[in-house]
Amino acid sequence: MGAMAERATFRVKTGLAEMLKGGVIMDVVTPDQARVAEAAGACAVMALERVPADIRRDGGVARMSDPSMIKGIQEAVTIPVMAKARIGHFAEAQVLEALEVDYIDESEVLTPADEQNHIDKFAFEVPFVCGATNLGEALRRIGEGAAMIRSKGEAGTGNVVEAVRHMREIKAGIARLAQLRPEELAGAAKEHQAPLEVVREVSTSGQLPVPLFCAGGIATPADAALMMQLGAEGNFVGSGIFKSSDPERRARAIVEATTHFNDPERVAAASVGLGDAMPGLEIAELAAADALLQDRGA
Amino acid sequence: MPELQIGVLAIQGGFEAHVRMLVGLGAAVSEVRVPADADELDGLVIPGGESTAISMGIESAGLGPAIHAHHEAGRPIFGTCAGMIVCDDAHLEMADITAKRNAFGTQLQSFEVDLGIKGIGDEPLRAVFIRAPWIKRHGANVEVLASYGGHPVAARDGNVLVCAFHPELGDDSRLHALFMAMTTGSRERAHEEAEH
């Protein structure tokens with residue numbers, strides 16, 4: 001067999017995201033939480049030091065997690081482990097790659113390290129997921145090498161309204177691009193501040209070239225079903241599980257609702273007896289206090 | 001005869017890419033999430049994804065008996081990556097193999113390679129391995145169709161076809177065509193038996 005194996009191709013990078021579709025990626029801060037997530041049917045976990053709700057409450061600078069904590073979670077589970085780097089902080093991403101995490105989330109939940117530039121994600125073998133509030137942002141991140149896009153939503157609020165807005169913006173943007181004539185694409189690329197090549201690809205195929213997930217504010221099974229019906233291909237759940245009163249049951253219920261999103265009876269059955277959801281925050285109050293995470297790194 | 005009715009298990013994972021490929025080959029394809037979806041299928045695909053999540057979803061939807069009934073009726077099953085694990089002797093016990101999970105390593109060690117596969121012609125297939133398993137044990141009746149790095153990565157046990165990689169992520173549909181041929185064959189045999 002003289003065949004040469006190739007690692008870290010676009011297909012290998014997006015391939016893992018393809019395999020996460022229809023599933024739930026859960027934020028965990030300890031190996032025990034990671035085991036709970038895995039046992040509840042999570043398709044991956046996001047290892048971080050504090051869930052977004054606590055980052056929001058504590059304030060200060062939020063950074064990449066302690067490597068020993070990430071390693072502890074990698075040892076605790078067999079499903080993929082993701083971890084977050086600050087926007088533009090390619091040295092944190094290098095550390096995460098050295099730790100062999102399965103995916104890096106270049107995340108607005110952490111304090112941005114660079115106000116001008118995102119990480120050059122082509123320079124890495126580990127694939128990246130990035131957040132977006134609209135199609136232009138999604139296309140810019142793909143142009144920088146992201147292999148998976150998620151809505152930003154408004155993390156740590158337990159309020160799904162921003163994720164809904166972002167998912168609708170992205171899907172509507174794709175539908176509009178698909179209607180354009182070839183000579184209109186350069187103008188669209190300018191308007192979206194995105195590479196023409198990616199704009200052309202989306203216009204032709206009618207979809208992003210990478211999987212599109214929802215993140216930011218999912219707190220209930222019905223939230224998960226809503227986002228899937230709006231076109232998300234899977235869900236990230238941050239604070240919504242381990243900030244609720246019964247994380248194990250809620251985790252299972254959100255997994256169930258993500259799979260059976262089109263089956264209201266199953267979503268209803270999954271929603272029974274879960275205890276209290278995480279306390280929610282009003283977006284308008286955060287906006288007035290200039291505390292929106294989604295504005296970081298457009 | 002009407003077109004082949006193929007179900008793709010859509011609990012979690014890469015089911016969409018399988019649907020696309022099978023539709024391209026002319027099958028009528030449906031997604032399988034609850035037992036009623038698995039009735040009257042000529043063939044069933046169990047896709048890649050996370051085998052823990054897929055196994056749990058099969059359990060919670062009560063799909064195990066429906067999948068076993070499909071298998072016991074001699075109707076073909078195609079398990080890819082996590083789907084291969086789900087078919088093995090530690091899970092649904094439909095193929096006489098033991099899969100080793102994440103055998104090729106983490107995402108960083110994931111790769112694609114040209115792989116020669118028995119039964120689809122001489123031209124190799126571009127095989128994408130994502131945190132892939134391999135077959136660490138197989139019974140005497142299992143035919144190994146491909147190996148990589150000294151480990152079996154594609155095999156056939158009667159009407160169950162399994163592979164450790166993702167043929168659905170490429171544009172080469174020959175392995176899916178092989179599965180469709182198995183499915184056509186099993187349907188023709190069933191018709192003949194019904195006539196006798």
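Each chain gets a letter, A, B and so on, in the order the sequences are listed, and its residues count up from 1.
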Considering only heavy atoms, give the residues of residues 92-99 of chain A separated from chain B by less than 4.5 Å, sorted numerically, with 'none' for an empty result. A:Glu97
Segment of B:Gln109 engaging chain A (4.5 angstrom heavy-atom cut-off): both
Any chance CZ of B:Arg137 has more than 12 other-residue heavy atoms, nucleotides or ligands included, within less than 6.0 Å? yes
Minimum heavy-atom distance between B:Leu169 and A:Arg11, given as atom pair plus value: O-CD, 3.3 Å
Output a table of donor-acceptor pairs, distance under 3.5 Å, between side-chain atoms of residues 48-58 of chain B and any protein atom two or more places apart or on a different chain; print 'none' if there are none.
unit_1  : atom_1 : unit_2   : atom_2 : d
B:Glu50 : OE1    : B:Arg101 : NH2    : 3.4
B:Ser51 : OG     : B:Arg101 : NE     : 3.2
B:Ser55 : OG     : B:Ser51  : O      : 2.7

CD/B:Glu40: more than 12 non-hydrogen atoms of other groups inside 6.0 Å: no
With rounding to the nearest 0.5 Å, note down the distance linking CD1 in B:Ile130 to CE in A:Met19. 6.5 Å
Is B:Gln12 reaching over with its side chain to a backbone N or O of A:Lys21, donor-acceptor style, under 3.5 angstrom? yes
If you take all heavy atoms of A:Asp263 and B:Val34, which pair is closest and at what distance? OD2-CG1, 4.5 Å
Could you walk me through whether A:Asp102 and B:Arg131 pass the salt bridge (Lys or Arg N to Asp or Glu O under 4.0 Å) test, one step at a time? CA-CA 9 Å; A:Asp102 294 297; B:Arg131 292 169 45 91; 3.0 Å; yes
Contact between B:Glu168 and A:Glu18 at the side-chain level, heavy atoms closer than 4.5 Å - yes or no? no
Heavy atoms of A:Pro127 and B:Gln107 approach each other most closely as CD-CG, 3.6 Å
Closest contact, heavy atoms only, A:Met4 versus B:Arg126: O-NH1, 4.3 Å
Evaluate the side-chain proximity of B:Arg33 to A:Arg266: yes if any heavy-atom separation is below 4.5 Å, no if none is. no
Most contacts with chain B, counted as non-hydrogen pairs under 4.5 angstrom, among A:Pro211, A:Ala17, A:Ala42, A:Ala39: A:Ala39
Residue-level contacts of residues 218-228 of chain A with chain B, using a heavy-atom cutoff under 4.5 Å: none
Heavy-atom contact with chain A under 4.5 Å, split by part of B:Ala10: backbone
Only pairs of heavy atoms separated by less than 4.5 Å count here; which of A:Leu20, A:Val101, A:Thr78 has the most with chain B? A:Thr78
Most heavy-atom pairs under 4.5 Å with chain B, out of A:Ala40, A:Ala44, A:Pro80, belong to A:Pro80
Give a yes or no on whether A:Phe90 atom CZ has more than 12 heavy-atom contacts from other residues, nucleotides or ligands under 6.0 Å away. no
Close contacts, residues 250-261 of chain A versus chain B, judged by heavy atoms under 4.5 Å: A:Glu256, A:Thr259, A:His260, A:Phe261
